[in-house]
Protein chains: 2
Amino acid sequence: MTSKQEFIKKLRNSNLRPTKQRINICEVLFNRDKTFHFTINDLFNLIKDKTEEKVSLATVYNTVHAFHKKGYLKEIPINSNQTYFDTNVTDHHHFFDVKEERLIDLKNEDVGPIEIQKSIPGKKIKSVEVLVKLED
Amino acid sequence: MTSKQEFIKKLRNSNLRPTKQRINICEVLFNRDKTFHFTINDLFNLIKDKTEEKVSLATVYNTVHAFHKKGYLKEIPINSNQTYFDTNVTDHHHFFDVKEERLIDLKNEDVGPIEIQKSIPGKKIKSVEVLVKLED
DNA sequence: ATTCTTCTTTAGAATAATTATAAAAAACTC
DNA sequence: GAGTTTTTTATAATTATTCTAAAGAAGAAT
Ligand SMILES: [Mn+2]
Ligand SMILES: [Mn+2]
Ligand SMILES: [Zn+2]
Ligand SMILES: [Zn+2]
């Protein structure tokens with residue numbers, strides 16, 4: 001299956017019609033080997049570079065959030081004025097290079113199993129994420 | 001030593017003159033038994049409740065960041081439009097109740113030791129933080 | 001293919017958290 | 001107290017994000 005067909009499937013699954021703007025967004029997001037950590041602004045700039053056609057910022061926001069809602073993108077909790085997303089939606093952890101403002105994947109085996117020995121009545125665990133801040 | 005003296009010491013250590021506005025901020029921040037997780041807006045509202053005198057939002061921002069810089073406050077990485085701070089500046093982890101937008105401390109023994117088996121050349125680990133998201 | 005309906009794009013406005021400005025007030029020094 | 005430095009505060013500016021509404025594109029029905 002060509003990647004364009006995959007993108008269309010992802011879009012349909014997210015209740016989005018496959019428009020050319022959204023396909024372009026998919027190209028930048030999903031047509032890559034490695035995981036991709038980005039802010040909306042990163043993504044917006046890469047789209048401007050890669051494609052002739054313009055895509056509006058609003059469309060980028062809308063599409064990213066639809067993918068996020070559907071589970072095709074993950075939001076990474078870090079202290080930043082901008083929101084960071086990740087194309088790697090599996091459970092995994094991160095280094096965060098504070099100086100360069102860059103996220104790096106940590107595999108689960110790089111961290112080891114984490115057992116939470118405390119529980120809150122009426123609540124259950126949704127996710128466990130480790131953030132390792134790096135300095136020089 | 002009275003707590004006011006402690007506040008003045010904290011302020012002086014942070015290169016801040018002990019003004020009445022800043023002492024009021026300290027009262028709300030540090031005059032408590034348990035750890036305190038807050039946003040600037042939380043803090044601002046509590047100050048309005050607790051004290052007669054008004055403190056401007058700008059002063060709250062400035063003072064909080066001076067304490068943060070000095071290490072008297074910690075910033076907690078979570079996905080939120082607002083920045084969360086913590087009066088517990090020791091290394092520790094958190095539950096985050098997504099629905100109620102509330103942080104809860106996890107002691108280190110509730111999580112167990114975390115060994116990071118990967119390193120990035122030229123970088124060293126500054127902190128390791130676990131965020132456990134909770135749902136109903 | 002034409003028509004009709006629903007969704008999408010987009011520019012621009014609105015919102016909201018945070019930071020910057022600069023003049024008046026307070027704190028500190030001598 | 002006089003002089004100097006820092007602080008407060010109202011207000012403006014900035015920035016990320018969301019909203020709006022009109023024009024355009026996609027899909028369905030004929
Ligand atoms: Mn990742
Ligand atoms: Mn805490
Ligand atoms: Zn989202
Ligand atoms: Zn800070």
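The sequence lines fix the lettering, A, B, ..., with proteins before strands; numbering per chain opens at 1.
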Q: Measure the distance from CZ on B:R12 to C1' on C:dA27 and round it to the nearest whole Å.
A: 9 Å

Q: Taking atom P of C:dA25 as reference, at what distance in whole Å does atom CD of B:E53 sit?
A: 17 Å

Q: Nearest 0.5 Å, please: how far is CD in B:Q117 from CG in A:N108?
A: 12.5 Å

Q: Just compare D:dT9, D:dG27, C:dT10 and give me whichever is closest to any side-chain atom of A:T59.
A: C:dT10

Q: Base, sugar-phosphate, or nothing for B:K54, non-hydrogen atoms under 4.0 angstrom?
A: sugar-phosphate

Q: Roughly how many Å is it from CD1 in A:I25 to C1' in C:dT8, rounded to a whole number?
A: 11 Å

Q: Would you say a side-chain N or O of A:R22 is under 4.0 Å from OP1 or OP2 of D:dA25?
A: no

Q: Looking at B:Q21, does any N or O in its side chain come under 4.0 Å of the phosphate oxygens OP1/OP2 on D:dT9?
A: yes

Q: Would you check if there is a donor-acceptor pair between the side chains of A:D42 and A:T39 at a distance under 3.5 Å?
A: yes

Q: Tell me: CG of A:L57 to C1' of C:dT8, nearest whole Å?
A: 16 Å

Q: Can you figure out which of D:dA16, C:dT19, D:dT7 approaches the side chain of B:Y61 most closely?
A: C:dT19

Q: Looking at B:H65 versus B:F85, is the centre-to-centre ring distance below 6.0 Å?
A: yes

Q: Atom CG of B:L43 and atom P of C:dA17: how far apart are they, to the nearest Å?
A: 15 Å

Q: Report the distance from atom CD of A:Q82 to atom C1' of D:dA16, rounded to the nearest whole Å.
A: 7 Å

Q: Ignoring hydrogens and geometry beyond distance, is the side chain of B:R17 in donor-acceptor contact with the base of D:dT5 at under 3.5 Å?
A: yes

Q: So is A:K10 actually on top of A:F30's ring, under 6.0 Å and inside 45° of the axis?
A: yes

Q: Nearest whole Å is fine: how far is C:dT18 P from B:N62 CG?
A: 13 Å

Q: Taking atom C1' of D:dT7 as reference, at what distance in whole Å does atom CD1 of B:I8 sit?
A: 16 Å

Q: So does B:H65 get a side-chain nitrogen or oxygen closer than 4.0 Å to the phosphate oxygens (OP1/OP2) of C:dT19?
A: yes

Q: If I take atom CZ from residue A:F96 and atom NZ from residue B:K126, how far apart are they, to the nearest 0.5 angstrom?
A: 10.0 Å

Q: Below 4.0 angstrom from OP1 or OP2 of D:dT17, is there any side-chain N or O of A:T83?
A: yes

Q: B:T19 side chain N/O closer than 4.0 Å to the phosphate oxygens (OP1, OP2) of D:dT7?
A: no

Q: On DNA chain C, does the nearest nucleotide to B:K20 precede the nearest nucleotide to A:P18 from the 5' side, or the other way round? Give the residue.
A: A:P18

